[in-house]
Amino acid sequence: MAENLIVSDGNKEQQYQTLLPQIESLLAGETDVIANMANIAAALKQTFNFFWVGFYRVKEDVLVLAPFQGPLACTRIRRGKGVCGTAWEEARTQVVPDVDQFPGHIACSSDSKSEIVVPVIHNDKVVAVLDIDSDTLNSFDQTDASYLESICKMLSATYPQTGHEAFLYY
Ligand code: SME
């Protein structure tokens with residue numbers, strides 16, 4: 001397992017290209033999704049120094065805060081509410097250039113200016129979302145969406161497939 005993260009000093013694309021294989025090796029052989037979320041959040045924070053990066057997990061009818069890096073955050077978000085609840089309901093990545101223009105945006109921090117939320121889909125269901133907040137406007141684009149979706153697919157692949165353990169996570 002990689003112990004020191006290598007961070008490219010190139011452009012965003014190069015930074016993601018350096019990061020992805022390291023995330024792949026961090027997740028290799030680890031089936032605990034909380035541990036995997038924790039390392040993904042840390043690796044993204046260390047690479048990009050985002051204001052806030054973390055996960056919310058679907059627990060019955062609500063998203064519940066999971067591993068994150070950054071300031072304290074709201075613990076529960078209902079389906080369809082805010083950017084996270086919308087990504088869950090629509091099962092689709094949300095790129096928000098200006099959070100003030102997103103109807104129903106939930107402001108965990110007034111410092112958050114732009115946001116991207118990517119659903120983690122397992123067995124055709126949204127099981128979690130990856131939420132990243134920036135303290136500047138227009139921080140995220142299709143490059144982020146595409147690489148972060150790849151990271152969420154890697155995470156999804158570490159979820160248990162069937163049986164009792166799967167029940168624990170859902
Ligand atoms: N802004 C999010 C809430 C979560 S925090 O940003 C960490 C939303 O509108 O769903």
Side-chain angles (χ1 to χ4, degrees), residues 5 7 12 15-16 19-20 22-23 26-27 32-156 158-159 169-170:
L5 192 76
V7 178
K12 177 154 73 176
Q15 287 177 305
Y16 277 115
L19 175 62
L20 255 68
Q22 296 183 86
I23 288 188
L26 279 169
L27 302 189
D32 188 297
V33 295
I34 299 293
N36 289 337
M37 286 175 172
N39 263 339
I40 291 171
L44 284 166
K45 175 78 172 170
Q46 198 181 328
T47 296
F48 296 104
N49 198 25
F50 292 129
F51 176 68
W52 194 93
V53 48
F55 290 89
Y56 284 86
R57 288 195 301 152
V58 173
K59 290 189 86 178
E60 297 174 2
D61 62 344
V62 71
L63 287 170
V64 181
L65 186 62
F68 71 93
Q69 299 263 322
L72 299 178
C74 333
T75 54
R76 287 174 186 262
I77 299 173
R78 305 205 78 82
R79 189 178 164 96
K81 299 293 179 193
V83 188
C84 293
T86 302
W88 174 20
E89 188 170 66
E90 296 183 4
R92 207 158 47 83
T93 297
Q94 309 290 312
V95 177
V96 183
D98 178 354
V99 295
D100 288 340
Q101 305 303 315
F102 189 96
H105 167 256
I106 299 164
C108 293
S109 165
S110 58
D111 289 332
S112 173
K113 302 289 183 232
S114 59
E115 182 163 2
I116 185 167
V117 181
V118 179
V120 180
I121 297 171
H122 183 67
N123 291 344
D124 297 326
K125 276 171 43 180
V126 177
V127 290
V129 299
L130 168 61
D131 179 15
I132 304 180
D133 288 21
S134 164
D135 56 8
T136 57
L137 293 167
N138 294 308
S139 287
F140 305 105
D141 56 22
Q142 280 313 307
T143 299
D144 299 282
S146 159
Y147 282 106
L148 295 171
E149 283 167 7
S150 295
I151 291 171
C152 286
K153 282 198 185 105
M154 291 181 198
L155 174 64
S156 165
T158 72
Y159 271 67
Y169 285 113
Y170 301 142

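All residue numbers in this chain count up from 1 along the given sequence. Each ligand, and each atom within it, is numbered from 1 in the order the structure gives.
Across all non-hydrogen atoms, the minimal contact from Lys45 to Val53 is CB-CG1, 3.7 Å. The heavy-atom pair separating Val117 from Ala87 by the smallest distance is CG1-CB, 3.5 Å. Listed here is the closest heavy atom pair of Phe55 and Ala41: CE1-N, 4.3 Å.
The side chain to side chain donor-acceptor pair (under 3.5 Å) test with Tyr16 singles out one residue from Asp144, Thr47, Thr143, and that residue is Asp144.
Here is the list of ligand 1 atoms found below 4.0 Å of a heavy atom in Asp133: 5 (S), 6 (O). Each of the following atoms of ligand 1 lies closer than 4.0 Å to a heavy atom of Cys84: 8 (C), 10 (O). Taking every non-hydrogen atom of His105 and a distance limit under 4.0 Å, the qualifying atoms of ligand 1 come out as 1 (N), 9 (O). Residue Glu115 approaches ligand 1 through these ligand atoms, each under 4.0 Å from one of its heavy atoms: 1 (N), 2 (C), 6 (O), 8 (C). Those atoms of ligand 1 that come under 4.0 Å of a heavy atom in Cys108, given as number and element, are 3 (C), 4 (C), 5 (S), 7 (C). Close approach of ligand 1 to Trp52 (heavy-atom distance below 4.0 Å) involves ligand atoms 7 (C).
Contact annotation for Thr86 and ligand 1: no heavy atom of the residue comes within less than 4.0 Å of the ligand. Using a 4.0 Å cut-off between heavy atoms, Val83 contacts ligand 1 through both its backbone and its side chain. Counting heavy atoms closer than 4.0 Å to ligand 1, residue Val117 contributes nothing at all. Under 4.0 angstrom from ligand 1, the non-hydrogen atoms of Tyr56 all belong to its side chain.
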Set out, in order, the CA-CA distance, both residues' side-chain angles and the distance that settles side chain to side chain contact (heavy atoms under 4.5 Å, CB included) for Lys81 and Leu63, then state yes or no. CA-CA 10 Å; Lys81 299 293 179 193; Leu63 287 170; over 6 Å; no

Between Thr86 and Phe102, does a side chain to side chain contact (heavy atoms under 4.5 Å, CB included) hold up when you go through it step by step? CA-CA 11 Å; Thr86 302; Phe102 189 96; 3.8 Å; yes

Hey, mind stepping through Asn36 and Met154 against side chain to side chain contact (heavy atoms under 4.5 Å, CB included) and telling me if it holds? CA-CA 10 Å; Asn36 289 337; Met154 291 181 198; over 6 Å; no

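No close placement of the Phe48 and Phe140 rings is indicated, their centers lying 6.0 Å or farther apart.
In terms of modelled atom types and a separation under 3.5 Å, the side chain of Ser139 and the main chain of Ser114 share no donor-acceptor contact.
At the shortest separation from atom 7 (C) of ligand 1 among protein heavy atoms lies Asp131 OD2, 3.4 Å.
Backbone and side-chain nitrogen or oxygen atoms of Ile106 are examined, and one is located within less than 3.5 angstrom of a nitrogen or oxygen of ligand 1. Checked against a 3.5 angstrom limit, the closest N/O atoms of Gly85 and ligand 1 fall outside it.
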